[in-house]
Amino acid sequence: MTVERLDQAPLGRVFTVRHVEADPQVPERARQLEEIGFFPGEQVTVMTRGFPGGDPLVVRIGQSTFALRGAEAACVRVA
């Protein structure tokens, strides 16, 4: 399974942030994600997903843990 977006990442696997893409509907989203630590090269893990529907996602990046909406996580490209 090839994962390119954080919202598609399986639980518990460590990924590396490649870049944050701008959301055309919410242009400031990329800047907001970068401000909280989503930089290229950072390791990120999806810890859990909300039930039902999988939204929000609880993610760990560096030493911080955040809840991201699916639309926010979709902007984060990972490898």
CD of Gln25: more than 12 outside heavy atoms within 6.0 angstrom?
-> no

[atom2] on [Y] to [atom1] on [X], rounded to 0.5 Å:
| X | Y | atom1 | atom2 | result |
| --- | --- | --- | --- | --- |
| Glu4 | Glu21 | CD | CD | 9.5 Å |
| Leu68 | Phe38 | CG | CZ | 4.5 Å |
| Met47 | Thr65 | CE | OG1 | 6.5 Å |

Examine [X] and [Y] and state if one hydrophobic cluster contains both, with Ile, Leu, Val, Met, Phe, Trp and Tyr joined whenever side-chain heavy atoms are less than 4.5 Å apart.
| X | Y | value |
| --- | --- | --- |
| Leu6 | Val58 | no |
| Val14 | Val46 | no |
| Val26 | Leu57 | no |
| Val78 | Leu11 | yes |

When every non-hydrogen atom of Arg29 is compared with those of Asp23, the smallest separation belongs to NH1-OD2, 2.7 Å

Taking all heavy atoms of Ala22 and all of Pro24, pick out the closest pair and write down the distance.
->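 Minimum heavy-atom contact is O-CD, 3.6 Å.
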
Which pairs with one or both residues in residues 41-65 pass salt bridge (charged side-chain N to carboxylate O under 4.0 Å, His left out), sequence neighbours excluded?
->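 Counting only pairs at least two positions apart or across chains, no salt bridge (charged side-chain N to carboxylate O under 4.0 Å, His left out) contact touches residues 41-65.
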
Mind jotting down which residue pairs meet the salt bridge (charged side-chain N to carboxylate O under 4.0 Å, His left out) criterion with at least one end in residues 63-74? Sequence neighbours excluded, please.
-> Arg69-Glu72

side-chain contact (heavy atoms from CB on, under 4.5 Å) between Ser64 and Ile36, intermediate numbers included = CA-CA 9 Å; Ser64 301; Ile36 61 172; over 6 Å; no

Applying side-chain contact (heavy atoms from CB on, under 4.5 Å), run through Val17 and Phe39 and close with a yes or a no.
-> CA-CA 6 Å; Val17 174; Phe39 292 110; 6.0 Å; no

